[in-house]
Amino acid sequence: MSAHHGLSSPGAIAEKGELDVETIRRDFPILSQRVRHKPLVYLDNAATTQKPRAVIDALLRYYETENSNIHRGVHYLSEVATEKYEKARERVRGFLHAESTSEIVFVRGATEGINLVAQTYGRANLSAGDEVLISAMEHHSNIVPWQMICDEKNARLRVAPIGESGELDFGAFEQLLSPRTKLVAITHVSNALGTINPIRQIVQAAHRLHVPVLVDGAQSAPHLPVDVQSLDCDFFTFSGHKVYGPTGIGILYGKAALLDDMPPYQGGGDMISSVTFEKTIYNKLPYKFEAGTPNIAGAIGLGAAIDYVQAIGLQRIAAHEDHLLAHATAALEAIAGIRIIGTAKRKAGVLSFVFGEIHPHDVGTILDQEGIAIRTGHHCAQPVMQRYGIPATARASFGLYNTIAEVDALAAGVGLVREVFA
Ligand code: C6P
């Protein structure tokens with residue numbers, strides 16, 4: 001195991017105040033490399049985050065010393081792997097402040113979490129004429145699964161509009177809620193605009209009509225403290241790889257009463273308590289939704305990632321990223337021709353922009369030559385681009401290890417873009 005295992009690093013456990021970013025950066029081996037002969041400036045954290053040594057070590061340790069299948073074996077390694085996997089579930093429960101681990105389902109990522117709810121809750125509860133209500137700022141993962149199930153059930157997908165700043169039109173949202181609404185599915189933080197949605201208010205409005213709410217937390221879990229009990233949301237999903245954990249693992253939280261009533265998502269091993277050719281009795285929660293051998297290493301790695309971010313503290317991470325976002329917004333606004341897309345009052349970690357007539361891909365390619373990684377394109381949110389009448393944006397997105405110097409490098413890089421196109 002490496003000496004830099006994160007949790008004992010002073011940056012990670014500093015008691016209060018600003019993050020000791022330089023120390024934190026040493027926990028992330030990938031950040032010290034040069035790309036294109038320049039120091040790497042990684043500003044594509046909304047797509048995926050880099051992994052601290054603590055997570056890499058947890059994966060290594062698992063495969064070197066703990067690997068075994070879970071919930072099956074009577075032998076030592078199977079017991080160890082099972083215990084680690086279930087401990088990771090408990091860590092996720094704490095991270096989301098869920099009431100019970102039976103409400104924490106391991107899935108592949110936010111995409112699978114949403115598909116699970118669409119294919120189980122949706123299939124069981126939607127009939128012709130019913131409606132699913134989403135917003136105009138959703139990622140494709142929170143649009144297409146609903147279109148699929150609505151098509152199948154002759155139900156209707158309704159879309160609450162957003163205003164020019166990228167904020168939800170709450171009045172219009174409320175008006176779209178009706179006795180026909182069977183589910184609200186909404187993002188907590190927009191990946192294309194950075195908008196933070198008022199989830200508690202949304203849940204309250206939906207619950208007045210007894211409509212459950214699914215929250216897509218892919219972009220909030222890494223940036224804000226999340227408390228599913230205080231939000232009172234019915235489902236919440238996020239991806240491990242965006243919270244400094246591995247790819248291929250994610251979480252669906254659901255209130256136990258709802259999950260209990262839902263049919264399973266997939267059939268197979270582990271999701272049953274008994275099988276005969278005549279009848280199968282399903283396993284209890286959460287195993288009913290975890291058919292087959294799961295991503296054991298991924299779950300353990302996610303547990304390590306949660307330990308890592310909790311040791312730093314989500315409040316402090318949020319404050320640090322807010323500081324980076326404010327600095328970046330001011331720096332880019334000062335450059336003539338830059339238009340920031342998404343100017344909501346409450347934003348997290350994401351700065352999308354267009355630069356005059358220059359195509360965002362050109363902006364990204366020139367920045368890449370400077371070692372600066374951003375994402376360009378529609379960000380899997382084509383309806384957001386259509387809303388603003390643009391094909392794409394350039395998007396810088398921040399993580400806990402980013403520095404003001406990196407934000408300055410971004411602004412300098414954008415300045416270079418202007419010179420190239422002058
Ligand atoms: N957004 C981005 O660059 P998965 O792919 O399952 O881990 O996450 C899907 C997803 C769902 N909802 C939101 C709000 C998201 O931002 C994402 C992933 C990445 O913006 C990759 S497209």
Side-chain angles (χ1 to χ4, degrees), residues 46 110 131-143 146 157-178 181 183-209 211 213-227 230-233 236 238 318-319 321-330 332-333 338-354 375 378-390 392-398:
E131 295 179 355
V132 172
L133 177 55
I134 63 170
S135 85
M137 69 177 94
E138 301 308 316
H139 185 278
H140 296 163
S141 294
N142 203 24
I143 302 173
W146 304 115
L157 187 65
R158 305 303 302 270
V159 183
I162 56 175
E164 190 58 27
S165 66
E167 282 169 11
L168 179 71
D169 180 339
F170 193 76
F173 168 81
E174 272 190 308
Q175 281 191 342
L176 282 164
L177 277 170
S178 82
T181 317
L183 188 87
V184 168
I186 191 147
T187 195
H188 198 173
V189 171
S190 156
N191 71 316
L193 303 168
T195 312
I196 303 176
N197 274 320
I199 295 299
R200 204 169 302 157
Q201 226 183 321
I202 288 168
V203 169
Q204 277 167 2
H207 283 182
R208 276 196 286 277
L209 294 182
V211 177
V213 177
L214 175 142
V215 177
D216 173 356
Q219 296 296 346
S220 62
H223 303 292
L224 312 168
V226 171
D227 181 331
S230 125
L231 290 173
D232 199 24
C233 56
F236 185 97
F238 71 95
E321 292 174 355
D322 283 352
H323 180 52
L324 294 173
L325 182 64
H327 189 82
T329 305
L332 289 199
E333 272 175 350
I338 291 279
R339 174 182 167 210
I340 291 174
I341 306 293
T343 51
K345 278 191 217 75
R346 292 188 66 222
K347 283 182 66 176
V350 166
L351 188 58
S352 256
F353 60 95
V354 290
R375 184 170 173 190
H378 53 61
H379 316 295
C380 303
Q382 285 182 348
V384 172
M385 302 300 126
Q386 287 149 17
R387 161 70 182 75
Y388 288 91
I390 49 178
T393 74
R395 182 189 71 181
S397 53
F398 307 106

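Residues take their numbers from the sequence shown, with the count starting at 1.
The backbone N or O of Gly166 lies less than 3.5 Å from a partner atom in the side chain of Tyr388, making a donor-acceptor pair. Not one N or O on the side chain of Lys347 forms a donor-acceptor pair closer than 3.5 Å with the backbone of Ile196. Between the side chain of Arg387 and the main chain of Ile162, a donor-acceptor pair closer than 3.5 Å is present. Within the 3.5 Å criterion, the main-chain N or O of Leu177 finds no donor-acceptor partner in the side chain of Thr181. A donor-acceptor pair under 3.5 Å is formed between the side chain of Asp216 and the backbone N or O of Ala218. A distance-only check finds no donor-acceptor pair linking the side chain of Ser165 to the backbone of Ala344 [under 3.5 Å]. With Thr195 contributing its side chain and Asn197 its backbone, the two residues share no donor-acceptor pair below 3.5 Å.
Residues forming a side chain to side chain donor-acceptor pair (under 3.5 Å) with Glu167 (at least two apart in sequence, or on another chain): none. Phe236 pairs by the ring-ring contact (aromatic ring centres under 6.0 Å, His included) definition with nothing, not counting sequence neighbours. A search for side-chain contact (heavy atoms from CB on, under 4.5 Å) contacts involving Asp227 returns His97, Gln229, Ser230, not counting sequence neighbours. Among residues two or more places apart in sequence or in another chain, the side chain to side chain donor-acceptor pair (under 3.5 Å) test is passed with Thr393 by Ser352, His379. With sequence neighbours excluded, the residues satisfying ring-ring contact (aromatic ring centres under 6.0 Å, His included) with Phe238 are Phe95.
The residues Arg339 and Glu333 are annotated as not salt-bridged, no charged nitrogen and carboxylate oxygen being separated by less than 4.0 angstrom.
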Which pairs of donor and acceptor atoms, one on a side chain in residues 133-140, lie under 3.5 Å apart (sequence neighbours left out)?
{"residue": "Ser135", "atom": "OG", "partner": "Met137", "partner atom": "N", "Å": "3.1"}
{"residue": "Ser135", "atom": "OG", "partner": "Glu138", "partner atom": "OE2", "Å": "2.5"}
{"residue": "Glu138", "atom": "OE1", "partner": "Asn142", "partner atom": "ND2", "Å": "2.8"}
{"residue": "Glu138", "atom": "OE1", "partner": "Thr187", "partner atom": "N", "Å": "3.0"}
{"residue": "Glu138", "atom": "OE2", "partner": "Thr187", "partner atom": "N", "Å": "3.2"}
{"residue": "His139", "atom": "ND1", "partner": "Ser141", "partner atom": "N", "Å": "2.9"}
{"residue": "His139", "atom": "ND1", "partner": "Ser141", "partner atom": "OG", "Å": "3.1"}
{"residue": "His140", "atom": "NE2", "partner": "Cys380", "partner atom": "O", "Å": "3.4"}
{"residue": "His140", "atom": "NE2", "partner": "Ala381", "partner atom": "N", "Å": "3.4"}
{"residue": "His140", "atom": "NE2", "partner": "Gln382", "partner atom": "N", "Å": "2.8"}

Could you walk me through whether Val184 and Leu214 pass the side chain to side chain contact (heavy atoms under 4.5 Å, CB included) check? CA-CA 6 Å; Val184 168; Leu214 175 142; over 6 Å; no

